[in-house]
Amino acid sequence: MIEKNSDLNQFFGDIKWLFFDLGSTLIDETDVYKSRCDYAMKQKNIKPEEFMAKVYEATKTSPTAIKSAAQYYDVILPKWDHRMEKLYEGTKNVLETLSGKYRLGVIANQSMGTQERIDNWGIGNYFEVVVASAEAGCAKPDLKIFNLALEQAGCEPDETIMVGDRLDNDIAPAKLLGMKTVWVRQGFAKYQSINNENERPDYIVDDIAELVNVL
């Protein structure tokens, strides 16, 4: 992993493409999380501290921690409400700045309509490649979805960086292919721990806005 005071330009010098995850990387899902937690707790009259302890524990191993916690209490959650999602404050500036230096793409586990949603948020025009699981027929951490994005971009793994919030879904598979990686510790990602070298990112930021100072 690169230290904060390292020569980042030298390390990332050959990079041509940046691939981004969406949820909890560029898109703030906090309001959706809160709604789903409130729903689950209300269904079974679960105390907040009890339910959230289950969520935080599940976060370490599951990309759908609230769903996992709800299942523990036999609660079936309602459909994910994309209307409650919003951009992180720094997202547009990051994309605007970095699109002047790199070509940008998306590799994300998303339901149908990803392109329409990013267009509605006003960021769709920044991405030349958008590969989402619902349309691709495969989902992270399956290497197929990464390879599909690389194929569409016409680039080699060592010419790319994967930027994402999950060690298991974003960092580990990207590293396996030879991509550079940046871990964004937003959302529930802050409760994950690096368990092995396969999950160790090349760089860590705690806010998506920090990327402009890194890349």
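Sequence positions, counted from 1, serve as the residue numbers for this chain.
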Are the side chains of [Y] and [X] in contact, using a 4.5 Å heavy-atom criterion?
| X | Y | answer |
| --- | --- | --- |
| Lys86 | Asp31 | yes |
| Ile107 | Phe146 | yes |
| Asp14 | Asp158 | no |
| Leu22 | Thr114 | yes |
| Phe127 | Leu95 | yes |
| Leu215 | Lys101 | no |
| Lys175 | Asn198 | no |
| Leu98 | Tyr126 | no |

Between [atom1] of [X] and [atom2] of [Y], what distance do you get to the nearest 0.5 Å?
| X | Y | atom1 | atom2 | result |
| --- | --- | --- | --- | --- |
| Ser99 | Leu104 | OG | CG | 5.5 Å |
| Asn120 | Glu85 | CG | CD | 11.5 Å |
| Arg117 | Arg83 | CZ | CZ | 12.5 Å |
| Leu26 | Tyr88 | CG | OH | 9.5 Å |
| Leu18 | Met179 | CG | CE | 9.5 Å |

Task: Selection residues 124-153 - residue pairs positive for salt bridge (charged side-chain N to carboxylate O under 4.0 Å, His left out), sequence neighbours left out - done: Asp21-Lys140, Arg103-Glu128, Lys140-Asp170
- [ ] Any salt bridge (charged side-chain N to carboxylate O under 4.0 Å, His left out) involving residues 104-113? Give me the pairs, sequence neighbours left out, ordered by first then second residue.
- [x]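 Non-adjacent pairs meeting salt bridge (charged side-chain N to carboxylate O under 4.0 Å, His left out): zero.
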Open item on the list: Check this for me, if you would: do Lys54 and Glu57 make a salt bridge, where the nitrogen-to-carboxylate-oxygen distance has to be below 4.0 angstrom?
Closed with: no
Task: Check ion pair Arg185-Asp206 (N to O, under 4.0 angstrom) - done: yes
- [ ] Can you establish whether the number of heavy atoms outside Gln152 located under 6.0 Å from its atom CD is more than 12?
- [x] yes
- [ ] Please check if atom OH in Tyr72 has more than 12 non-hydrogen atoms from other residues, nucleotides or ligands closer than 6.0 Å.
- [x] no
So, [X] side chain and [Y] main chain: donor-acceptor pair closer than 3.5 Å or not?
| X | Y | result |
| --- | --- | --- |
| Arg200 | Ile171 | no |
| Thr91 | Leu87 | no |
| Glu199 | Asn195 | yes |
| Glu159 | Glu156 | yes |
| Ser62 | Ala58 | no |
| Ser133 | Cys138 | no |

For the residue pair [X] and [Y], what are the closest heavy atoms and their distance?
| X | Y | value |
| --- | --- | --- |
| Met162 | Ala174 | CB-CB, 3.6 Å |
| Val94 | Ala209 | CG2-CA, 3.8 Å |
| Leu167 | Gln192 | N-OE1, 3.1 Å |
| Asp165 | Ala189 | O-CB, 2.8 Å |
| Asp168 | Pro63 | OD2-CD, 4.3 Å |

Looking only at the side chains, is there a donor atom on one of [X] and [Y] sitting less than 3.5 Å from an acceptor on the other?
| X | Y | answer |
| --- | --- | --- |
| Gln110 | Trp80 | no |
| Gln186 | Ser24 | no |
| Glu50 | Tyr73 | yes |

Open item on the list: My understanding is that a hydrophobic cluster links ILVMFWY residues whose side chain heavy atoms are under 4.5 Å apart, including indirect links. Using that, what else belongs to the cluster containing Met112?
Closed with: none
TODO: Tell me who clusters with Ile76, hydrophobic residues only, linked when side chains sit under 4.5 Å apart either directly or through other members.
DONE: none
Open item on the list: So, using salt bridge (Lys or Arg N to Asp or Glu O under 4.0 Å) as the criterion, who are the partners of Lys34 when residues are at least two apart?
Closed with: Asp38
Open item on the list: For Phe19, run the side chain to side chain contact (heavy atoms under 4.5 Å, CB included) check against Leu150, Ile161, Val106, Val163 and tell me which one passes.
Closed with: Leu150
Open item on the list: Taking ring pair (Phe, Tyr, Trp, His ring centres under 6.0 Å) as the cut-off, I'd like each qualifying pair that reaches into residues 173-194, sequence neighbours left out, listed once.
Closed with: Tyr33-Phe188, Tyr56-Tyr191
Task: Criterion side chain to side chain contact (heavy atoms under 4.5 Å, CB included) on Lys180 and Thr160, from CA distance to verdict - done: CA-CA 6 Å; Lys180 297 280 196 306; Thr160 70; over 6 Å; no
Open item on the list: Please say yes or no: joined through hydrophobic side-chain contacts below 4.5 Å, possibly via intermediate residues, are Leu143 and Phe20 part of one cluster?
Closed with: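 Different clusters: Leu143 never reaches Phe20 through Ile, Leu, Val, Met, Phe, Trp or Tyr contacts under 4.5 Å.
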- [ ] Establish whether Met52 and Val32 are linked, either directly or via other cluster members, by ILVMFWY side-chain heavy-atom contacts under 4.5 Å.
- [x]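 The answer is yes; both residues are in one hydrophobic cluster.
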- [ ] Take Val75 and Lys44 through the side chain to side chain contact (heavy atoms under 4.5 Å, CB included) test and state the conclusion after the steps.
- [x] CA-CA 8 Å; Val75 174; Lys44 298 288 184 175; 3.4 Å; yes
- [ ] Begin with the C-alpha distance, continue with both residues' side-chain angles, and end with the deciding distance and a verdict on side chain to side chain contact (heavy atoms under 4.5 Å, CB included) for Leu177 and Asn147.
- [x] CA-CA 8 Å; Leu177 286 174; Asn147 280 321; 3.7 Å; yes
TODO: Kindly indicate, with the supporting measurements, whether the criterion side chain to side chain contact (heavy atoms under 4.5 Å, CB included) is fulfilled by Thr59 and Arg166.
DONE: CA-CA 10 Å; Thr59 297; Arg166 292 289 308 184; 3.9 Å; yes
